[in-house]
Asks: 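Handing you a structure now.
One-based numbering, in listed order, for ligands and for the atoms of each. We number each residue from 1, following the sequence as shown.
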Amino acid sequence: MATLVIVGAQWGDEAKGKIVDVLGDQATFVVRYSGGNNAGHTVITGGQTYKFHLLPAGILHPNAVSILAGGMAVCPKSLLEELDRTRAQKPELGELRVSPAAHVVFPYHRELDRLEEAARGDNKIGTTSRGIGPMYTDKVQRIGIRMGEFVDAKKFPVRLREVLEFKNRLMQLLGGEPIAYEPLLEEYTAYADRIRPYVMDTEAILQEAVRRGERVLFEGAQGTFLDLDHGTYPYVTSSHPTAGGACLGTGIGPRDIHNALGVCKAYTTRVGEGPFPTELDNEIGQQIRDQGHEYGTTTGRPRRCGWLDLVALKHSCRLNSLSGLIITRLDVLSGVGDLEVCTAYHAHGGPLGHLPYSIEEWEGVEAQTQTLKGWSEDIQGARSWDDLPKATQDYVRFIEEFTGTPAAILSIGPDRDETIILRPDLVWGS
Ligand code: IMP
């Protein structure tokens with residue numbers, strides 16, 4: 001199994017960054033395939049904390065090539081800041097390649113994100129304000145500016161002028177101020193000059209790598225239930241974080257994706273608005289938030305916390321055709337007391353046999369939970385299955401049985417070492 005997708009199996013923030021960092025040194029290529037700097041991945045290693053929004057966490061491995069693929073939304077300013085910051089922390093990074101098909105995020109996208117959220121009033125989505133939705137709108141509307149054009153010194157000024165004129169009219173319609181062309185062109189031309197050397201045909205590079213049988217790791221961002229098609233629409237992001245997004249976003253066909261692993265927390269969190277049947281708006285929710293430092297890497301917003309939703313997780317296993325689960329943040333549940341897990345949804349007096357399709361359907365949904373024994377021991381020092389308390393082992397076994405998906409890796413702390421690989425055969429194969 002040479003190609004592996006690491007996907008967020010819940011609503012994002014499942015600690016994918018740490019997992020990609022752990023597995024990245026075994027890969028030749030690490031590829032981000034969707035989303036942009038709405039994502040936030042924290043990696044703690046060698047006494048340093050790295051925060052990534054656009055760069056794949058694999059950039060920390062000097063022997064791996066990091067790719068920002070065509071499905072992405074790339075803010076040039078943020079990319080360059082991140083590169084400079086990361087290089088200052090660690091001078092030897094892996095090489096970087098950016099797809100000419102990736103779309104570029106401009107200040108008018110951020111401004112439109114703000115104006116559109118304000119216009120939604122009580123129905124706001126709770127976006128990260130990074131301009132991601134408006135940028136993907138441009139992509140679908142077929143007026144977006146892609147990396148290939150952005151770094152073309154002849155084409156970029158022409159495209160920017162025509163798009164900005166249109167965007168300025170839109171922003172004014174929504175009560176915003178127009179953005180001046182000349183200063184924007186000057187600022188972004190300088191970014192384009194720095195990014196140009198990284199832009200190359202990543203589709204061909206990856207297809208060739210797959211043909212040679214090299215290890216390619218596709219790093220998912222956000223999570224399954226934020227997927228534009230498969231998430232809790234309209235409270236979703238505007239891209240495809242599910243495993244299928246790896247094909248669309250990179251140009252690698254489905255038969256060349258050999259494996260998919262889903263990262264899930266031992267509980268559930270989400271940021272922004274939208275359905276969350278197991279949410280704990282009480283002291284236990286606050287305890288999980290405090291123990292897990294559940295505040296957004298990108299926006300600093302407190303994350304909504306709740307019990308593990310196994311109904312949603314099982315759905316995610318199917319949707320992403322997961323061969324295994326990577327269960328993170330088990331350590332956060334130490335001392336929480338007995339633990340509940342959601343094993344069924346009820347709506348309008350009866351069981352619900354599927355995940356709701358619409359917000360109206362979600363509104364009546366109640367989580368039916370089952371109580372499992374908790375543990376009070378600090379498990380961060382565990383390095384093998386046998387080091388874990390029986391209650392933690394039982395909790396993991398329950399997840400496996402309910403979802404029908406084996407646990408491949410457990411994460412019991414933020415550091416690289418705080419990881420237990422239970423099934424190496426489920427990662428790259430034996
Ligand atoms: P957007 O992606 O900024 O448009 O935000 C849409 C929704 O997705 C909001 O609820 C955000 O909080 C959520 N979201 C976007 N990116 C992430 C992420 O990386 N982790 C968790 N939630 C996210």
Asks: Regarding ligand 1, does Arg301 bring an N or O atom to under 3.5 Å of one of the ligand's N or O atoms?
Replies: yes

Asks: Return yes or no for this condition: an N or O of Asp13 is under 3.5 Å from an N or O of ligand 1.
Replies: yes

Asks: Distance to 0.1 Å, residue and atom name: give those for the protein heavy atom nearest to atom 2 (O) of ligand 1.
Replies: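 For this ligand atom, the closest protein heavy atom is Thr237 OG1, 2.6 Å.
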
Asks: Report the residues that fulfil ring pair (Phe, Tyr, Trp, His ring centres under 6.0 Å) with Phe225, sequence neighbours left out, ordered by chain and then residue number.
Replies: Trp11

Asks: Inspect the contact between Arg114 and Glu111 and indicate whether a charged nitrogen and a carboxylate oxygen are less than 4.0 angstrom apart.
Replies: yes

Asks: Are more than 12 heavy atoms from other residues, nucleotides or ligands located less than 6.0 Å from atom CG of Asp25?
Replies: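 Yes - once you tally the heavy atoms of other residues, nucleotides and ligands closer than 6.0 Å, there are more than 12.
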
Asks: Heavy atoms only: which of Gly231, Gly126, Ser129, Gly296 is nearest to atom 11 (C) of ligand 1?
Replies: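 Nearest option to atom 11 (C) of ligand 1, by heavy atoms: Gly126.
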
Asks: Pull out every atom of ligand 1 sitting under 4.0 Å from any heavy atom of Trp11, numbered as shown with elements.
Replies: 21 (C), 22 (N)

Asks: Does an N or O anywhere in Gly12 fall below 3.5 Å from an N or O of ligand 1?
Replies: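 For ligand 1, there is no N or O atom that lies under 3.5 Å from one belonging to Gly12.
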
Asks: Starting from atom 23 (C) of ligand 1, which protein heavy atom do you reach first, and at what distance in Å?
Replies: Leu226 CD1, 3.5 Å

Asks: Where the closest heavy atom to atom 6 (C) of ligand 1 is concerned, which of Val271, Thr299, Val236 has it?
Replies: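 It is Val236 whose heavy atom sits nearest to atom 6 (C) of ligand 1.
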
Asks: Let me see the working for Arg289 and Gln286 under side-chain hydrogen bond (donor to acceptor under 3.5 Å, both in side chains), right down to the final yes or no.
Replies: CA-CA 5 Å; Arg289 187 174 302 115; Gln286 188 57 44; 2.5 Å; yes

Asks: Any cation-pi pair here, Lys77 with Tyr191, using under 6.0 Å and within 45°?
Replies: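 The answer is no; the distance or angle limit is not met.
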
Asks: Suppose the criterion is salt bridge (Lys or Arg N to Asp or Glu O under 4.0 Å): which pairs have a residue in residues 325-341, not counting sequence neighbours?
Replies: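 Sorted result for residues 325-341: Glu294-Arg329.
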
Asks: Tell me whether Thr128 has any N or O atom under 3.5 angstrom from an N or O of ligand 1.
Replies: yes

Asks: Going by the angle between their ring planes, with limits at 30° and 60°, are Phe156 and Phe106 parallel, tilted or perpendicular?
Replies: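 Ring orientation of Phe156 relative to Phe106: parallel.
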
Asks: I need the single residue from Thr45, Ile59, Ile44, Val30 that forms a side chain to side chain contact (heavy atoms under 4.5 Å, CB included) with Asp21. Which is it?
Replies: Thr45

Asks: Examine Thr127 against ligand 1 and note whether any of their N/O atoms are separated by less than 3.5 Å.
Replies: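 For ligand 1, there is no N or O atom that lies under 3.5 Å from one belonging to Thr127.
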
Asks: Answer yes or no: does an N/O atom from Asn38 fall short of 3.5 Å to an N/O atom of ligand 1?
Replies: yes

Asks: Got an N/O contact under 3.5 Å between Gln222 and ligand 1?
Replies: yes

